[in-house]
J.: 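Dropping the structure in here first, questions after.
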Amino acid sequence: MRHVKLGVNIDHIATLRQARGEKNPDTVEAARVVYSSGGDMVVMHLRQDRRHIQDDDLERVRHDVKGLIHLEMAAIPEMEKIALRVRPDSVCLVPEGPRELTTQGGMKLDAKRPDLEKMIKKLSDAGIEVSIFADPEPQAIRAAHNMGADCIELCTKTFAESWGKKLQAKELEKLQLAGFLVKELKMELHAGHGLDYYNVASVARIEGMDCLNIGFSIVSRGLFVGLKTAVAEMKRLIQ
Ligand code: PXP
């Protein structure tokens, strides 16, 4: 059986908690459920505006729960410092806009970015695997590779939005071709954004896929069937 790993993003557990500014629902409890129901890693995006995940969530999950932690973060010194202190197992560098509802696409890697290259090296030297969130475009993938990233997370936002539309097959093909290049460059292949219980299977079947990072659909389904069932169902779908 192929093992595609499942990273479960728990940002929106924290969104719900922030709505009342209280302790529940607790991200530590959510992380325990993720690991015990087939999730391979817990994913958190510590945003600059701290709208959902707080520094304390990251610290507590790292400290109180045994399991892999994947941190999504903007490529800025503040986040680099936090990552080097808390030591997630891996990070994904993502673009971040102040008023966006969610991440809008991959990192723009068309210009020379010595700052990014330096950050990737620092994080790697600290034993943290570095992934770059990239649109399925050869130029971005090659640039991330040249900067020393270990992994590419392909942005599936446009594919997810094309679901059921004419462009769906073309968007899937773009992801497949991009995946082929990532593997050719001997990098780890991840994908995520907008994946749900309907569209996930075709992305999971992309040759060489190592891991899918999924949040919103799992947490949403978890409200009705329980987080444990929602994670286990997703895990079954991606095998
Ligand atoms: N991967 C990355 C890089 C993201 O920024 C996000 C959203 O936080 C996800 C995956 C998960 O997306 P979704 O919540 O739509 O499943």
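Read the numbers this way: they start at 1 and go in the same order the structure lists the ligands and their atoms.
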J.: Can you list the atoms of ligand 1 that are under 4.0 Å from a heavy atom of F216?
T.: 13 (P), 14 (O), 16 (O)
J.: Hydrophobic clusters here meaning ILVMFWY residues chained together by side-chain heavy-atom distances under 4.5 Å, can you tell me if F133 and L177 are in one?
T.: no
J.: Closest approach of E153 and S131, non-hydrogen atoms and distance?
T.: N-OG, 3.6 Å
J.: With heavy-atom distances below 4.0 Å as the criterion, list the atoms of ligand 1 near N9.
T.: 8 (O)
J.: Under a 4.0 angstrom heavy-atom cut-off, which atoms of ligand 1 come close to V94?
T.: 3 (C)
J.: What protein heavy atom sits nearest atom 10 (C) of ligand 1, and how far off is it?
T.: E153 OE2, 3.3 Å
J.: Please list the nearest protein heavy atom to atom 11 (C) of ligand 1 with its residue and the distance rounded to 0.1 Å.
T.: N213 O, 3.9 Å
J.: Of the protein's non-hydrogen atoms, which lies at the shortest distance from atom 12 (O) of ligand 1, and what is that distance?
T.: H193 CA, 3.4 Å
J.: Side-chain atoms of residues 185-194: list all donor-acceptor pairs with protein atoms under 3.5 Å, sequence neighbours left out, distances to 0.1 Å.
T.:
{"from": "E188", "atom 1": "OE2", "to": "H190", "atom 2": "NE2", "distance (Å)": "2.9"}
{"from": "H193", "atom 1": "NE2", "to": "T102", "atom 2": "OG1", "distance (Å)": "3.1"}
{"from": "H193", "atom 1": "NE2", "to": "T103", "atom 2": "O", "distance (Å)": "3.0"}

J.: If the threshold is 4.0 Å, N to carboxylate O, is there a salt bridge linking E78 and R50?
T.: yes
J.: Does D49 come within less than 4.0 Å of R51, counting only side-chain N to carboxylate O?
T.: yes
J.: Could you report the tightest heavy-atom contact between N199 and F159, atom names first, then the distance?
T.: O-CE2, 3.8 Å
J.: Can you list every pair that meets ring pair (Phe, Tyr, Trp, His ring centres under 6.0 Å) and has a residue in residues 48-102, with sequence neighbours left out?
T.: H12-H52
J.: For atom 8 (O) of ligand 1, what's the nearest protein heavy-atom neighbour? Residue, atom name and distance, please.
T.: E72 OE1, 3.3 Å
J.: Considering both backbone and side-chain atoms of G192, is one of its nitrogen or oxygen atoms within less than 3.5 Å of a nitrogen or oxygen in ligand 1?
T.: no
J.: What protein heavy atom sits nearest atom 16 (O) of ligand 1, and how far off is it?
T.: G215 N, 2.8 Å
J.: Nearest 0.5 Å please: distance from the CD1 atom of I214 over to the CE atom of M234.
T.: 4.0 Å
J.: Can you list the atoms of ligand 1 that are under 4.0 Å from a heavy atom of G194?
T.: 12 (O), 13 (P), 15 (O), 16 (O)
J.: Please state which protein non-hydrogen atom is closest to atom 5 (O) of ligand 1 and give its distance, to 0.1 Å?
T.: T103 OG1, 2.9 Å
